[in-house]
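Let me begin by presenting the structure, written as structure tokens, before commenting on it.
Sequence lines set the chain letters: A, B, ... in the order given, protein chains first and strands last, and positions in each chain run from 1.
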Amino acid sequence: MGAREQRVIAAMASFSTNEFRSGLKIMLDGNPCSIIENEFVKPGKGQAFNRVKIRNLLSGRVLEKTFKSGDTVEGADVVDTSMQYLYTDGEFWYFMHPETFEQVTAGAAAVGDITKWLKEQDMCEVTLWNGDPIAVTPPNFVEMRVVETDPGVRGDTSGGGGKPATLETGAVVRVPLFLEEGTVIRVDTRTGEYVSRVKE
Amino acid sequence: MSPASRSDAWRPGASLDVLKLRARMLDRIRAFFAVAGVLEVDTPALSAAATTDPNIASFATCFNGPGGGARYLHTSPELPMKRLLAAGSGPIYQLCKVFRDGEAGRRHNPEFTMLEWYRPGWNHLALMEEVEGLLRAALGAERELPAAEYLSYREVFLDIVGVDPLSADARELRRVALDLGIDPPSAMQSRDAWLDLLMTHHVEPRLPRFTFIYDYPASQAALARVRDDEFPVAERFEVYLDGVELANGFHELVDAGEQRARFEQDNGKRVGMGLPEMPVDERFLAALCAGMPACAGVALGIERLLMYAAAVNDIRAVIAFPEPIN
């Protein structure tokens with residue numbers, strides 16, 4: 001059985017509200033969604049409901065949805081895969097599975113505003129829906145070269161205040177005053193903050 | 001490693017302090033009924049009959065001995081207790097475990113402790129006041145109870161939702177739910193399902209802290225008498241504490257013919273919902289035929305009360321070994 005047929009079968013799986021848990025991927029109004037929170041509510045003599053907080057994986061929006069307990073929904077064929085970032089041609093971003101060498105092409109909507117953290121060869125988490133990338137998460141920490149910053153101030157190692165520095169991908173982060181162009185630094189992509197110098 | 005084999009998975013869900021609080025509360029409840037002259041009774045958890053309520057699912061098992069066959073774990077001790085009333089027991093109460101399939105969550109555990117009691121000669125309004133007294137006695141000095149508000153179901157919906165729950169049709173209730181920003185499930189046909197949706201999503205979080213709601217829509221009568229007013233209402237009440245449903249009481253239906261009709265109606269609804277029909281308790285119906293005294297009865301969830309006493313919002317924090325859920 002080829003990969004495509006396997007995906008078709010996976011997409012047809014359905015889940016009852018009893019199987020709801022955070023992280024479960026389901027289809028809602030044609031959009032792949034991830035369950036954030038699931039609460040069972042029921043009046044003693046009344047209808048049972050599941051109140052569910054859901055993230056739409058295409059728009060990133062969080063919404064609340066109610067199901068009658070026992071209802072079933074279609075599962076979404078969504079998988080998070082570790083892939084290597086190869087390059088961009090300005091329109092698309094190309095990623096490769098490190099073992100199968102299978103390549104996927106992500107559009108601007110999938111990479112969103114994280115392109116500044118994409119460095120060639122780095123491993124990223126690519127979220128695939130029916131095999132196509134819908135989101136890319138960069139590594140928590142990246143190492144990048146400073147390509148432009150004001151001249152270093154010798155003797156100042158406190159880092160207090162700091163100054164802006166432009167990195168090789170165009171990202172701008174605040175760095176300590178003593179840092180010079182050409183230095184490689186470690187940055188936390190979740191906060192966009194400088195972490196440390198990297199010895200080469 | 002599976003979650004169950006985690007090294008701390010054997011530990012109780014409730015702290016020892018909460019378990020001691022539970023024991024003190026049960027002592028005070030028994031003392032309350034001893035003073036009130038209400039007899040403690042014990043009825044079977046296992047029964048060949050089961051609730052027909054379409055919204056309550058029974059655990060099913062099988063007895064393999066003499067006269068064997070299908071058995072169900074009780075979801076409430078109501079029907080055998082009513083047989084005791086018909087046999088002349090006088091006022092009775094029971095503290096027991098009951099079982100409900102499919103129910104697990106922040107406020108639900110598939111097995112929980114129910115306090116149920118009956119007062120011959122009383123109506124639901126008189127029993128509501130005794131419930132308030134029992135709650136104050138059970139809590140003792142553990143945690144203060146706010147002043148109670150007594151509101152009819154109609155008043156609650158008019159005040160909080162701005163719709164008349166007795167006259168509005170399903171279409172109007174749907175519109176109100178949508179206006180309130182509730183994203184409803186598909187296939188909600190019945191008026192009662194819409195009322196339940198509004199109750200759980202909008203009303204419960206906005207109720208006065210300690211509220212008795214009485215006189216429910218006749219369609220939600222369960223085992224309560226229906227009174228013919230402008231719109232018929234069920235003589236039923238619910239107790240809410242901090243938005244959590246604590247107890248449900250009835251001015252009990254004693255008419256055997258009407259009771260049988262409701263069981264059959266329930267089973268009809270079950271078939272329509274794709275649920276199994278449940279075996280009706282014929283001994284209970286025979287007791288009604290023989291004559292059960294007019295009475296009021298109420299069932300109260302002990303763990304829910306314990307949640308309030310211990311000031312926690314998850315039922316798993318008051319049960320020694322709760323059902324593990326995601």
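- Listed by sequence position, A:Phe49, A:Arg51, A:Glu64, A:Lys65 are the residues of residues 49-65 of chain A in contact with chain B, using a 4.5 angstrom heavy-atom cutoff.
- The two residues B:Ile56 and A:Gly44 make their nearest non-hydrogen contact at CD1-O, 3.7 Å.
- Rounding to the nearest 0.5 Å places CZ of A:Phe40 at 13.0 Å from CZ of B:Arg106.
- Note: A:Lys42 NZ to B:Arg100 CZ = 6.5 Å, rounded to the nearest 0.5 Å.
- When each of B:Thr200, B:Ile182, B:Asp183, B:Asp192 is checked for heavy-atom pairs under 4.5 Å with chain A, B:Asp183 comes out on top.
- Around the CG atom of B:Asp169, the shell of radius 6.0 Å holds more than 12 heavy atoms that belong to other residues, nucleotides or ligands.
- A 6.0 Å sphere centred on CZ of B:Arg174 holds no more than 12 heavy atoms belonging to other residues, nucleotides or ligands.
- Heavy-atom minimum distance, B:Ala222 versus A:Lys45: CB-CD, 4.1 Å.
- Residue-level contacts of residues 240-252 of chain B with chain A, in order of numbering, are B:Glu245, B:Asn248, B:Phe250; threshold 4.5 Å between heavy atoms.
- B:Asp196 places no side-chain N or O within 3.5 Å of a backbone atom of A:Gly46 that could act as its donor or acceptor partner.
- The structure places CE of B:Met188 at 7.0 Å from NZ of A:Lys68, a figure rounded to the nearest 0.5 Å.
- Other residues, nucleotides and ligands contribute only 12 or fewer heavy atoms inside 6.0 Å of the CD atom of A:Glu148.
- Within the 4.5 angstrom heavy-atom criterion, only backbone atoms of B:Ala104 (N, CA, C, O) approach chain A.
- For B:Leu195, no part sits under 4.5 Å from any heavy atom of chain A, backbone or side chain.
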One pair to check against side chain to side chain contact (heavy atoms under 4.5 Å, CB included): B:Leu197 and A:Thr66. What are the steps and the verdict?
CA-CA 9 Å; B:Leu197 186 73; A:Thr66 298; 3.8 Å; yes
